[in-house]
Amino acid sequence: MRVRFAPSPTGHLHVGNARTALFNWLLARGQNGTYILRIEDTDAERSTRQSEQAILDDLRWMGLQWDEGVEAGGDHGPYRQTERFPIYADHTHRLLQNGKGYYCFCSAETLEAQRKAQLAASLPPKYAGTCRNIPAAEAARRRSAGEPAVVRLRVPENREVTFHDVVRGPVTFHTDVIGDPVLVRSDGFPAYNFAVVIDDALMAITHVIRGEDHISNTPRQILLYEAFGWTPPAFAHLSLVMGPDHAPLSKRHGATSVREFRDKGYLPEALVNYLALIGWSPGQNDELLPAAELARRFRLENVAHSAGVFDEDKLAWANRHYLRLCAPDRLAALAQPFLRERGQIVGDLSAGAGAWLEAVLPGLAASIDRLPQLADRLEAVFRRPAAPLEKEPGLPEVAVALADELGSGSRLVNKDLFRAVAARVKDRTGLKGKNLFHPIRVILTGANEGPELDLIVPAIERAAELPRDCGLAEVFGCRERAQWVARTLAA
RNA sequence: GUCCCCGUCGUCCAGAGGCCCAGGACGUGGCCCUUUCAAGGCUAAAACACGGGUUCGAAUCCCGUCGGGGACGCCA
């Protein structure tokens, strides 16, 4: 089995396309097939090398590495369409020879006028066939005289074309609704339908898995396979990914590209797992599974027929799951850019600071949706209590007692030390439970809410012990915080 | 306008004629846990688009209606 993902490099990877890539990848991985990446860059206007690179990056970030294709090589290259022009020229020649293709000299303006007229007359807009019967000799003469022309496919009249879509079953089109498609543009560039067919055939693709928007291209392509005398591959059309309003997912729905989700702090395994769940189910009431297991269970036949709405809440749920599974060192590495952006990391991290992050982050990651929220949780460490202080009962007493307790002892670098001090403050103030801990929280973190004190107090204290040039923003210890609050309140 | 695809809880899926007065997940409500916000655990509400057939029996098959989407490009 050989499958391919064939993006056109005209922008970042859209999650809908990422899902198509994923389904191809899942099938190949699960069936011991070959997953090929081809770049369809025949649109000279919009294709850029930067976009191509961005797409490759996004694919790799998701872990969807290809076995064959651009930057990976293989026996069926080149894998960039703009590098295959001689191949297309050769095949154009073949079609012109056997009469399945012909030159069309109609100008773009003429065609546009015809199209408008047809639409106005409530007719299906399709090529009228004006140049169909120009004798080959005359066409050749006009060509050599320099007259611009495209090459079209001669679509047989009054026939039905049926293919068996692996996800939907049989689909039939009548050739009368299909106008002769352009194969080669007047600038010599191959048109989409022409290039895909030649590439899929020559690259020995066995299963073409793509978006539903290609269903109506399929009969044209099958006719082309016939014109070349080739056997078409199996086709599978995936339904589209929609926004909450059931319109195709687009910018106005918010994030749509893989890059944006990456920047928002989603883990690749969460995106991959969630995307697999749109239009497919691993069965057995399991949903959160590693990619290898998804691949093992994946069957094209079980893919849903209807469009799916992208639900970021569910993505976030998957992300929470993978955030908890994330190893400390990886978590620290992933979090760094976000902490830096927030000014919590200001320089090169020392080994000690790195270790501090690895120790602190996993605990905080247990209760967040996305990476940047790590910085939110960390605010408790980097922020100092500041005026005006909440006028809360118990606050001054607790501040005094806490400052006093912390004044002499060592820093509260673990939960037990913190609890011991809290117990002493409790004895001195007679406050307990919420009435004790809330003031402590306000005094130490300057906020009404945040991570558990058991977690955050040792984090503050350990950070405060780090050398000033460790790469972290300055952190004041609990002692300094308590003293400052006690002093401020007394004044 | 024409052709094609699709139609189960708000959302994503399970369901391939009796196992379904429809199951799971996200989200939502409630409860529990708790020194806060979260997270977590438990629990509840919530759907077979509509109308005709076929059949002893239909969410499952057929037809129609309605609704949604796609295509009709010298874009891919």
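The chains referred to below are lettered A, B, ... by the order of the sequence lines, with proteins before strands, and numbering in each begins at 1.
- In this structure, A:Asn217 reaches the bases: a heavy-atom distance under 4.0 Å links it to at least one base atom across the strands shown.
- One can place CZ of A:Arg168 at 15 Å from C1' of B:C3, the figure rounded to the nearest angstrom.
- For A:Glu287 and B:G24, a side-chain-to-base donor-acceptor distance below 3.5 Å is present, hydrogens and geometry of angles not being considered.
- Base pairing of B:G1: its partner is B:C72, meeting the Watson-Crick or G-U wobble criterion (both donor-acceptor distances under 3.5 Å).
- For the pair A:Lys314/A:Tyr274, a side-chain contact is recorded, criterion being any heavy-atom separation below 4.5 Å from C-beta on.
- Only the C1' atoms considered, B:U60 is 7 Å distant from B:A16, to the nearest whole Å.
- When heavy atoms are screened at a 4.0 angstrom cut-off, A:Gly450 is found touching base atoms of the nucleic acid.
- Relative to the ring axis of A:Tyr127, A:Arg152 places its NZ or CZ within 45° and under 6.0 Å from the centre.
- Between A:Tyr103 and A:Phe105, the ring planes are tilted. Angles from 30° to 60° get that label.
- Base pairing of B:G17 is not made with any nucleotide, judged by Watson-Crick or G-U wobble geometry with both donor-acceptor distances under 3.5 Å.
- Stacking between A:Trp317 and the base of B:C26 is absent under the criterion of ring centres within 5.5 Å and planes under 30 degrees.
- Nucleic acid contact for A:Asn302: sugar-phosphate only, since backbone atoms but no base atoms lie under 4.0 Å from a heavy atom of the residue.
- We find that CG of A:Asp454 is positioned 12 Å from C1' of B:U36, with the value rounded to whole Å.
- Across the protein-nucleic acid pair, A:Phe235 atom CZ and B:G70 atom P stand 22 Å apart, rounded to whole Å.
- Rounded to the nearest Å, the gap between the P atom of B:A49 and that of B:U55 is 23 Å.
- Relative to the side chain of A:Asn285, the nucleotides B:A76, B:C74, B:G24 differ in distance, and B:G24 lies closest.
- Minimum atom distance to the side chain of A:Leu240 is reached by B:G70, of the listed B:A39, B:C4, B:G70.
- As judged by a 4.0 angstrom heavy-atom cut-off over every strand, A:Gly179 is placed among residues making no nucleic acid contact.
- Under 3.5 Å, the side chain of A:Ser216 and the base of B:C4 form no donor-acceptor pair of N or O atoms.
- Side-chain N/O atoms of A:His305 include one lying less than 4.0 angstrom from OP1 or OP2 on B:C6.
- At the heavy-atom level, A:Asp176 lies nowhere under 4.0 Å from the strands shown.
- Ion pairing between A:Lys415 and A:Glu452 fails under the 4.0 Å rule for side-chain N and carboxylate O.
- Within 4.0 Å (heavy atoms only), A:Ser239 reaches no atom of the nucleic acid at all.
- In this model, the phosphate group of B:A76 is approached by a side-chain N or O of A:Thr42 to a distance below 4.0 Å at OP1 or OP2.
- A ring-centre distance under 6.0 Å is found for A:Trp280 and A:Phe298.
- If you check B:G7 for Watson-Crick or wobble pairing at under 3.5 angstrom, you find it paired to B:C66.
- If you check every strand for non-hydrogen atoms under 4.0 Å, A:His237 touches nothing.
- Under the 4.0 Å criterion applied to side-chain N and carboxylate O atoms, A:Glu40 and A:Arg80 are not assigned as salt-bridge partners.
- Proximity note for A:Ser122 (side chain, C-beta onward) versus B:C5, B:A71, B:G1: the nearest is B:G1.
- Between the side chains of A:Tyr266 and A:Asp369, no donor-acceptor pair of N or O atoms lies under 3.5 Å.
- Under the Watson-Crick or G-U wobble criterion, with both distances below 3.5 Å, B:U36 is left unpaired in every strand shown.
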Protein and nucleotides 64-66 of chain B: nitrogen or oxygen contacts under 3.5 angstrom:
none

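- When each of A:Leu119 and A:Asn193 is assigned the nucleotide of RNA chain B bearing its nearest heavy atom, the one mapping closer to the 5' terminus is A:Leu119.
- Note that A:Arg4 lies outside the cation-pi zone of A:Tyr35, set by a 6.0 Å cut-off to the ring centre and a 45° limit from the axis.
- Base engagement by A:Arg441 is indicated by at least one non-hydrogen atom pair under 4.0 Å involving a base atom.
- With C1' as the reference atom, B:C9 and B:A47 are 4 Å apart, rounded to whole Å.
- Per the geometry, NZ belonging to A:Lys415 stands 12 Å off P belonging to B:U35, to the nearest Å.
- For A:Phe261 and A:Phe310, the ring centers sit closer than 6.0 Å to each other.
- In terms of phosphate contacts, A:Arg419 brings no side-chain nitrogen or oxygen within less than 4.0 Å of OP1 or OP2 of B:U35.
- A:Ser306 comes within 4.0 angstrom of sugar-phosphate atoms only, judged by non-hydrogen atoms across all strands, and of no base.
- Within the shown strands, B:G41 is the pairing partner of B:C31 under the Watson-Crick or G-U definition, both distances less than 3.5 Å.
- Looking at heavy atoms from C-beta onward, A:Trp66 lies out of side-chain contact with A:Ile36 at the 4.5 angstrom threshold.
- Across all strands, A:Val309 comes closer than 4.0 Å only to sugar-phosphate atoms, never to a base (heavy-atom distances).
- Note on A:Leu436: nothing from the nucleic acid sits closer than 4.0 angstrom, heavy atoms only.
- In this structure, A:Glu452 reaches the bases: a heavy-atom distance under 4.0 Å links it to at least one base atom across the strands shown.
- Across all strands shown, A:Arg377 has heavy atoms under 4.0 Å from base atoms, whether or not it also approaches the sugar-phosphate.
- For A:Tyr192 and A:His214, the side-chain atoms include at least one donor-acceptor pair closer than 3.5 Å.
- Base-pair partner of B:A58: not found among the strands shown (Watson-Crick or G-U wobble, both distances under 3.5 Å).
- As a whole-Å value, the separation of A:Lys434 NZ from B:C33 P is 12 Å.
- Distance from the side chain of A:Asp43 is smallest for B:C75 among the nucleotides B:A71, B:U2, B:C75.
- At the heavy-atom level, A:Pro451 lies under 4.0 Å from base atoms of the strands shown.
- Checked by atom type and distance alone, the side chain of A:Ser239 pairs as donor or acceptor with a backbone atom of A:Ser306 at under 3.5 Å.
- In this structure, A:Tyr127 places its OH atom 21 Å from C1' of B:A71, rounding to the nearest Å.
- Look at the P atom in both B:C50 and B:C66: the space between them is 16 Å, to the nearest Å.
- Going from atom CD of A:Gln373 over to atom C1' of B:A38 covers 10 Å, rounded to whole Å.
- Spacing of C1' atoms, B:A14 relative to B:A22, comes out at 10 Å, to the nearest Å.
- Considering only side-chain N and O atoms, A:Arg297 lies nowhere under 4.0 angstrom from the phosphate OP1 or OP2 of B:C13.
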